A.B. asks: 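Below: one structure in structure tokens.
Computed from a prediction, not measured in an experiment: that's the story for all the values here.
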Amino acid sequence: MTTTDDSSTAAGEPAVSEAQRSIEERLTEEVVASFAGASDARLRAVLESLTRHLHAFIRDVRLTEDEWNRAIEFLTATGHITDDNRQEFILLSDVLGASMQTIAVNNEAYRDATEATVFGPFFVADAPHVSNGGDIAGGAPGQPCWVEGTVRDTDGSPVPGARIEVWEADEDGFYDVQYSDDRVAGRGHLFAESDGSFRFWCLTPTPYPIPHDGPVGRLLEAAGRSPVRAAHLHFMVTAEGLRTLVTHIFVDGDPQLALGDSVFGVKDSLVKRFDEQTADTPTPDGRDLGGRTWTRARFDIVLAPDDTAA
């Protein structure tokens, strides 16, 4: 009688005979062995592990040929919709939690260093320079927001000259690159002062959906998941000798925090108060906001040494 092993199958799937299991395992080992001649040891290790995990997944769920073909069609569509302004593969990585897991692996917790989170698909290099106290909004619609803070290392020393990149969506939920008129808005970079301080005007962050008119959106819909991200403001902070920080701050009290962030980017330490100010409250720099309400937030950034990356 042919014996079977139920442990190697997904719940509810037919058991696999030992003979069949042997065939499948032999194939995996054959593919793994094919990478033995790779000259780069790291590449070889990655490909061998990828093969073992991919084959284990296929065997675990007893993937059908039709399902595999549909997966290939999905990835093909993901490539076709990707262009200079939209990176659908980053969205896919984000919604599967792969981006956050990679960040966790590569940003080992170190003392009180600020936690990292997802990069997102809408960063653009060479964003405009703004002086401290300047406005990155660039005319984008939304409620004005004043953000201030310091950049320090984990010994508490200020980091003068740290480069601070900031970018965000407007109140309609769109980044500048999602418009067709080549506008530059909602992004900029500035530098920390000699005491590590920085400050700028931006827009009060609001929740918005990630682009969901493509393959990733259809995946979320099929899975019964929302595409909405919790309200946030992006930062990337760089300084010589210190680990580059890519992070967000989130809005305390945002209802979306309780509903979940579609890319799993929220960390408790990154949730900050955005205090509402009345229209007649004086602004920190005397700016005239034309009778509009505004908010203010504080974000003190702590950078780890650059030798603490995983």
Side-chain angles (χ1 to χ4, degrees), residues 1-38 40-82 87-109 116-121 209-212 214-229 259-267 310:
M1 176 181 294
T2 301
T3 59
T4 60
D5 178 6
D6 290 335
S7 65
S8 64
T9 62
E13 294 293 336
V16 177
S17 70
E18 289 185 3
Q20 177 64 25
R21 184 175 64 175
S22 177
I23 292 170
E24 295 168 1
E25 290 177 347
R26 189 162 58 248
L27 174 61
T28 299
E29 294 307 317
E30 182 180 352
V31 178
V32 168
S34 74
F35 299 120
D40 186 298
R42 173 62 177 172
L43 175 62
R44 181 171 65 252
V46 169
L47 291 175
E48 289 176 350
S49 181
L50 173 63
T51 298
R52 293 190 187 281
H53 284 81
L54 177 58
H55 283 224
F57 160 72
I58 293 170
R59 295 173 59 205
D60 179 45
V61 302
R62 310 309 297 170
L63 195 70
T64 69
E65 292 182 55
D66 179 61
E67 289 167 339
W68 185 238
N69 286 331
R70 289 172 64 186
I72 291 172
E73 290 170 359
F74 172 83
L75 293 174
T76 300
T78 300
H80 284 167
I81 203 171
T82 296
Q87 233 304 352
E88 193 80 356
F89 279 105
I90 291 180
L91 286 180
L92 178 59
S93 173
D94 289 349
V95 303
L96 293 177
S99 297
M100 278 304 300
Q101 192 66 274
T102 303
I103 288 165
V105 167
N106 287 276
N107 290 270
E108 184 177 348
T117 189
V118 291
F119 194 65
I210 62 173
H212 57 288
V216 172
R218 292 193 290 274
L219 172 65
L220 292 177
E221 183 178 10
R225 283 177 50 188
S226 168
V228 178
R229 290 220 60 199
L259 298 174
D261 180 51
S262 60
V263 304
F264 310 102
V266 177
K267 295 185 177 182

A.B. asks: Please determine whether salt bridge (charged side-chain N to carboxylate O under 4.0 Å, His left out) holds for the pair Arg70 and Glu65, giving the CA-CA distance in whole Å, both sets of side-chain angles, and the decisive distance to 0.1 Å.
C.D. replies: CA-CA 9 Å; Arg70 289 172 64 186; Glu65 292 182 55; over 6 Å; no

A.B. asks: In Å, rounded to the nearest 0.5 Å, how long is the span from OG1 of Thr64 to CD1 of Ile58?
C.D. replies: 11.0 Å

A.B. asks: Heavy-atom count check: over 12 atoms from other residues, nucleotides or ligands less than 6.0 Å from Glu221 CD?
C.D. replies: no

A.B. asks: Could you state the interatomic distance from CZ (Phe119) to CE (Met100), rounded to the nearest 0.5 Å?
C.D. replies: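 Between Phe119 CZ and Met100 CE, I get 14.5 Å after rounding to 0.5 Å.
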
A.B. asks: Would you confirm whether Asn106, through its side chain, and Thr102, through its main-chain N or O, come within 3.5 Å as a donor-acceptor pair?
C.D. replies: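 The answer is yes, because a donor-acceptor pair under 3.5 Å joins these two groups.
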
A.B. asks: Hey, could you give me the NE2/CG distance between His55 and Leu50, rounded to the nearest 0.5 Å?
C.D. replies: 8.5 Å

A.B. asks: Can you tell me if Thr78 uses its side chain to pair, donor with acceptor, with the backbone of Phe74 under 3.5 Å?
C.D. replies: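 Such a contact is found between Thr78 side chain and Phe74 backbone.
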
A.B. asks: For Ser262 and Ile210, work out which heavy atoms get closest and say how close.
C.D. replies: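 For Ser262 and Ile210, the tightest heavy-atom pair comes out as OG-CG2, 3.9 Å.
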
A.B. asks: Taking all atoms of both residues into account, what is the closest heavy-atom pair of Asp94 and Ser99, and its distance?
C.D. replies: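 What the structure gives for the nearest pair is OD1-OG, 2.5 Å.
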
A.B. asks: Measuring from atom CD of Glu73 to atom NE2 of His80, what distance do you get when rounded to the nearest 0.5 angstrom?
C.D. replies: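 Result: 11.5 Å between the selected atoms.
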
A.B. asks: Should we say atom CD of Gln101 is surrounded by more than 12 heavy atoms from elsewhere, each under 6.0 Å from it?
C.D. replies: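 Check fails, neighbour count at 12 or below.
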
A.B. asks: So how far is it from Gln87 CD to Leu92 CG, rounded to the nearest 0.5 Å?
C.D. replies: 10.0 Å

A.B. asks: For the pair Glu88 (side chain) and Val216 (backbone), establish whether a donor and an acceptor sit closer than 3.5 Å, ignoring hydrogens and angles.
C.D. replies: yes

A.B. asks: List the residues meeting side chain to side chain donor-acceptor pair (under 3.5 Å) with Thr76, not counting sequence neighbours, and say none if there are none.
C.D. replies: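 Thr76 satisfies side chain to side chain donor-acceptor pair (under 3.5 Å) with no other residue.
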
A.B. asks: Step by step, work out the side chain to side chain contact (heavy atoms under 4.5 Å, CB included) result for Phe89 and Thr82.
C.D. replies: CA-CA 7 Å; Phe89 279 105; Thr82 296; 4.0 Å; yes

A.B. asks: For the CZ atom on Arg225, are there more than 12 heavy atoms of other groups (residues, nucleotides or ligands in this structure) within a distance under 6.0 Å?
C.D. replies: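 Result for CZ/Arg225: enclosed.
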
A.B. asks: Walk me through whether Arg52 and Glu29 qualify under side chain to side chain contact (heavy atoms under 4.5 Å, CB included).
C.D. replies: CA-CA 8 Å; Arg52 293 190 187 281; Glu29 294 307 317; 2.5 Å; yes

A.B. asks: Would a distance-only check, ignoring hydrogens and angles, find a side-chain to backbone donor-acceptor pair under 3.5 Å from Ser34 to Val31?
C.D. replies: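 The answer is yes, because a donor-acceptor pair under 3.5 Å joins these two groups.
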
A.B. asks: If we ignore hydrogens and angles and just use 3.5 Å, is the side chain of Thr51 paired with the main-chain N or O of Leu47 as donor and acceptor?
C.D. replies: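 Indeed, once roles are kept as given, a pair shorter than 3.5 Å links the two residues.
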
A.B. asks: Leu220 and Ser226: which non-hydrogen atoms are nearest, and at how many Å?
C.D. replies: CD1-O, 4.3 Å

A.B. asks: Taking atom types as modelled and ignoring hydrogens, do the side chains of Ser17 and Gln20 form a donor-acceptor contact shorter than 3.5 angstrom?
C.D. replies: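 The answer is no; no qualifying pair exists.
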
A.B. asks: As an exercise, state the distance from CD of Glu48 to CG of Leu43, rounded to the nearest 0.5 Å.
C.D. replies: 9.5 Å

A.B. asks: So which heavy atom on Trp68 is nearest to which on Leu63, and how close?
C.D. replies: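 Scanning both residues completely, I find the closest heavy atoms to be CE3-CD2, 3.5 Å.
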
A.B. asks: Looking only at non-hydrogen atoms, find the nearest pair between Thr117 and Ile103 and report the distance.
C.D. replies: O-CD1, 3.1 Å

A.B. asks: Closest heavy-atom contact between Pro211 and Leu91?
C.D. replies: O-CD1, 3.8 Å

